Amino acid sequence: MIHPDNLSARAGIRVRRPCEEVFDAFADSRAMSKFWFTRRDDGLKEGESVTWYLGSGDEAISFDVRVVELNRPNRIVIEWENGGAMTRVTWAIAPTEAGDSILTIEESGFAGTREAIVARALDSTGGFNQVIVAAKALIEHGIALNVVADHA
């Protein structure tokens with residue numbers, strides 16, 4: 001039996017592009033703003049904090065993200081607040097023999113009651129599944145799906 005303290009949110013997908021392109025889609029603010037959160041920074045830098053936005057207008061909700069690790073082109077680690085606790089989100093980008101990438105995003109460190117932890121892990125899993133599909137569409141086909149803006 002899995003204890004809720006050990007729950008993590010996890011999503012993965014094959015992206016038919018090299019690891020460098022997948023990494024850049026998340027590390028570069030202009031690219032990520034096309035399929036996930038809006039960013040106004042000059043790119044991620046290890047040890048620094050940046051602000052991400054839900055929306056692009058003046059009333060966009062903002063939140064801080066601390067960049068823990070950047071290991072181009074295979075790993076990005078950030079920390080952000082989720083449900084009153086700082087959680088850790090890790091992007092793992094692994095090459096395949098065909099030259100494609102396997103992208104996995106995992107969030108861990110949820111806190112609260114058992115029910116709250118399970119709810120946050122499930123919500124994040126669903127959200128990351130949308131994000132990886134949107135990233136795949138942009139990276140492979142140049143299509144911006146707007147899944148965050150259109151989330152119901």
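All figures in this text were calculated on a predicted structure; none of them were measured in a lab.
- Here the CZ-OG distance, from Arg66 to Ser49, works out to 7.0 Å after rounding to the nearest 0.5 Å.
- A donor-acceptor pair is defined here as one N or O able to donate and one able to accept, closer than 3.5 Å; no such pair exists between the side chain of Asn71 and the backbone of Asn74.
- How far CD of Glu21 is from CG of Asp100: 10.5 Å, rounded to the nearest 0.5 Å.
- Linking ILVMFWY residues whenever their side-chain heavy atoms come closer than 4.5 Å, directly or via other members, places Trp36 and Val50 in the same cluster.
- Glu81 places a side-chain N or O within donor-acceptor distance of the main-chain N or O of Gly83, the cut-off being under 3.5 Å.
- Judged by distance alone, the side chain of Glu79 and the main-chain N or O of Met86 form no donor-acceptor pair under 3.5 Å.
- The local environment of CZ in Arg72 is crowded, with over 12 non-hydrogen atoms from other residues, nucleotides or ligands closer than 6.0 Å.
- For Arg40 and Tyr53, the positive end sits near the middle of the six-membered ring, less than 6.0 Å away and at most 45° from its axis.
- Defined by atom type and a distance below 3.5 Å, a donor-acceptor pair is present between the side-chain atoms of Trp80 and Glu107.
- Looking at Arg14, its side chain never comes within 3.5 Å of a backbone N or O of Ile102 through a donor-acceptor pair.
- Judged by distance alone, with hydrogens and angles left aside, the side-chain atoms of Arg120 form a donor-acceptor pair with the main-chain N or O of Ala111 at under 3.5 Å.
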Can you check side chain to side chain contact (heavy atoms under 4.5 Å, CB included) on Phe128 and Val89, steps first, answer last?
CA-CA 10 Å; Phe128 286 131; Val89 181; 3.8 Å; yes
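- Between the side chain of Ser29 and the backbone N or O of Asp41, at least one donor-acceptor pair lies under 3.5 Å.
- Shown are Leu44, Ile93, Asp28, Leu103; of these, the side chain to side chain contact (heavy atoms under 4.5 Å, CB included) with Phe23 is made only by Ile93.
- Under the 3.5 Å distance criterion, with hydrogens and angles disregarded, a donor-acceptor pair is assigned to the side chains of Thr51 and Asp64.
- The hydrophobic cluster containing Phe110 also contains Leu122, counting ILVMFWY residues as joined when their side-chain heavy atoms lie under 4.5 angstrom apart, directly or transitively.
- Using a 4.5 Å heavy-atom cutoff, the side chains of Thr104 and Arg10 are in contact.
- Interatomic distance, Glu106 CD to Arg88 CZ, rounded to the nearest 0.5 Å: 12.0 Å.
- Within the 3.5 Å criterion, the main-chain N or O of Ala27 finds a donor-acceptor partner in the side chain of Arg39.
- Listed for the Thr87 side chain is no donor-acceptor partner under 3.5 Å among the backbone atoms of Asn82.
- Under the 3.5 Å distance criterion, the side-chain polar atoms of Ser33 are left unmatched by any main-chain donor or acceptor of Thr38.
- Val68 and Ile105 fall into different hydrophobic clusters, where Ile, Leu, Val, Met, Phe, Trp and Tyr are joined by side-chain heavy atoms under 4.5 Å apart, directly or via other members.
- Contact check for Lys45 versus Val67: no side-chain heavy atoms found under the 4.5 Å cut-off.
- Phe35 and Phe26 have their aromatic ring centers within a separation under 6.0 angstrom.
- In this structure, Phe63 is not a member of the same hydrophobic cluster as Val77, with clusters built from ILVMFWY side-chain heavy atoms closer than 4.5 Å.
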Show the numbers, then the answer: is there a side chain to side chain contact (heavy atoms under 4.5 Å, CB included) between Ile13 and Val15?
CA-CA 6 Å; Ile13 199 165; Val15 180; 3.9 Å; yes
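- Leu54 and Ile78 fall within a single hydrophobic cluster, where Ile, Leu, Val, Met, Phe, Trp and Tyr side chains are chained together by heavy-atom contacts under 4.5 Å.
- Ion pairing of Arg75 with Glu69 is present here, as a side-chain N (NZ or NE/NH1/NH2) and a carboxylate O approach within less than 4.0 Å.
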